[in-house]
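What follows is a set of notes on a single structure, which appears directly below.
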Amino acid sequence: MDKKLIGCPVCIEHKKYVRNALLFNLGFVCDAKAKTCSLEPIVKKLAGYLTTLELESGFISNDDSKQKLIPLMTIILEDLNARGNCSLPIDESNTIHLKVITQRRDQPIVQEYDVPVFTECKEDFIKIHWDLTTQQILPYIDGFRHIQKISAEADVELNLVRIAVQNLLYYGVVTLVPIFQYSNVYCPTPRVQLLVDDKSLQEECLAYVTKPGHKRANLRDVFQLYCGLSPGTTARDLCSRYAQQLQHADERKLIQFGLMKGLIRRLHKYPVKVNCEERSQSPRLYTGSHSYDEICCKTGISYKELDERLENDSNIIVCWK
């Protein structure tokens, strides 16, 4: 039949029923290919409502009230399909409230070296709708401070900041990008072609990267800047080579927007210890699984200090990926 049935069988045991039990099962009929995860809690909740109504007033077993079931189920079906929610009075003391909750995909775990960036205008963010920790860290989320720095400057415990940002990430209020430094290396992805094909993305990009108070940035210049990124070319090199194109564009915002939209990606450096028998500082972090960002945040040293330390250690090589 190409249909999928979602049900929640209920058994109410009592001697007043035939065979000492009342069995019923309310179900939804869906398309076989439909994702039904968001409907399962509704079926359970509705079964719970009907169980309560039966225990209180015999709503299902009573022949008179049973006649109301079909009209009630019809209204619920129509409202959920049309609006995704339903508020349906049953009697003077009972009302059924149902809502389809959108299932969101699992988000990456927020790390102390991640940088949160608002996906929409920060001024449109309504602080009072969020918890006190979120309200406290909000002024420090600027797209350039990483989680550890936000924690220090806002004077909020690191794990609380991570939890607050994780919540914002879940609801799509922020996204995460790597720490920006002029020594970073980036390269374009195949998605950079969207900047040529998608008019709305072009408008969004130019509005985002143009320096405040300057003439609007040129699309040709912005596209040339993104294509100028390559392995071996740092952000500092890009600024030197394309100074003319950067007259009206903010290079930090340019990189930030490219990362947010997947137009570019950052190449990270991962130290790898070659000989495990020889001693090195912080050997547990030199396995090829920990980036410079993570190591610097955990050890408190700068990129320059880490570079110098690794250059003087012949037992360690650095991989880019």
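We count residues from 1, following the sequence as given.
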Exercise for the section: Would you tell me whether Tyr208 and Gln256 have side-chain atoms, one donor and one acceptor, within less than 3.5 Å of each other? Expected result: yes

Practice task
For Asp197, look at atom CG and say whether over 12 heavy atoms of other residues, nucleotides or ligands are found less than 6.0 Å away.
Solution key: yes

Problem - Leu158 reachable from Ile179 in the ILVMFWY side-chain graph, under 4.5 Å edges - result: no

Practice task
Answer yes if Tyr113 and Leu168 sit in the same cluster of Ile, Leu, Val, Met, Phe, Trp and Tyr residues linked by side chain heavy atoms under 4.5 Å apart, and no otherwise.
Solution key: no

Practice task
Examine distances only and state if a side-chain atom of Gln148 and a backbone atom of Cys297 form a donor-acceptor pair shorter than 3.5 Å.
Solution key: yes

Practice task
Search all heavy atoms of Pro116 against all heavy atoms of Ile150 and return the closest pair with its distance.
Solution key: CG-CD1, 3.7 Å

Fill in the blank from the handout: Tightest non-hydrogen contact, residues Gly262 and Thr189, listed as O-OG1, 2.5 Å

Exercise for the section: Using the six-membered ring of Phe59, assess whether NZ or CZ of Lys66 lies under 6.0 Å from its centre and within 45 degrees of the ring axis. Expected result: no

Handout entry: Verify same cluster id: Leu98, Val100 (apolar side-chain graph, 4.5 Å)
Key = yes

Practice task
Using a cut-off of 6.0 Å, state whether more than 12 heavy atoms not belonging to Arg19 lie near its atom CZ.
Solution key: no

Exercise for the section: Give me the one residue out of Ile264, Leu238, Ile255, Val209 that meets side-chain contact (heavy atoms from CB on, under 4.5 Å) with Leu225. Expected result: Leu238

Problem - Linked, directly or transitively: Leu267 and Leu259 (ILVMFWY side chains, under 4.5 Å) - result: no

Exercise for the section: Please say whether the positively charged group of Arg265, taken as NZ for Lys or CZ for Arg, lies over the ring of Tyr186, i.e. under 6.0 angstrom from the six-membered ring centre and within 45 degrees of the axis. Expected result: no

Practice task
Taking atom NZ of Lys149 as the centre, report whether more than 12 heavy atoms of other residues, nucleotides or ligands fall under 6.0 Å from it.
Solution key: no

Problem - Heavy-atom pair of closest approach, residues Cys296 and Leu306 - result: SG-CD2, 3.9 Å

Exercise for the section: Over all heavy atoms of both residues, which pair between Ala217 and Leu206 is shortest? Give the atoms and the distance, please. Expected result: O-CD2, 3.6 Å

Exercise for the section: Check whether more than 12 heavy atoms from other residues, nucleotides or ligands sit under 6.0 Å from atom CZ of Phe144, and answer yes or no. Expected result: yes

Practice task
Assess whether atom NZ of Lys15 is packed by more than 12 heavy atoms of other residues, nucleotides or ligands within 6.0 Å.
Solution key: no

Problem - Pi-cation contact, Tyr286 with Lys273 (under 6.0 Å, within 45°) - result: no

Completion exercise
Closest heavy-atom pair, Cys86 versus Arg83, reported as atoms and distance to 0.1 Å, is CA-NH2, 4.4 Å

Completion exercise
Tracing side-chain contacts under 4.5 Å among Ile, Leu, Val, Met, Phe, Trp and Tyr outward from Val18 reaches none

Practice task
Decide whether Thr134 and Asp131 meet the rule of one side-chain donor and one side-chain acceptor closer than 3.5 Å.
Solution key: yes

Exercise for the section: Quick one: do Thr233 and Val185 satisfy side chain to side chain contact (heavy atoms under 4.5 Å, CB included)? Show the steps, please. Expected result: CA-CA 6 Å; Thr233 301; Val185 175; 5.7 Å; no

Practice task
Calculate, to the nearest 0.5 Å, the distance between atoms NZ and CG belonging to Lys68 and Asp91 respectively.
Solution key: 7.0 Å

Practice task
Check whether any side-chain N or O of Thr234 sits under 3.5 Å from a backbone N or O of Asp237 as a donor-acceptor pair, and report yes or no.
Solution key: yes

Practice task
Go through the side-chain N and O atoms of Tyr292 and Asp307 and say whether any donor and acceptor fall under 3.5 Å apart.
Solution key: yes

Problem - Closest heavy-atom pair and its distance - Pro271, His290 - result: CD-O, 3.4 Å

Problem - Residues Thr210 and His248: side-chain donor-acceptor under 3.5 angstrom - result: no

Problem - Hphob cluster co-occupancy, Val29 + Ile75, side-chain heavy atoms under 4.5 angstrom - result: no

Handout entry: Between Glu54 and Ser61, a side-chain donor and acceptor under 3.5 Å
Key = yes

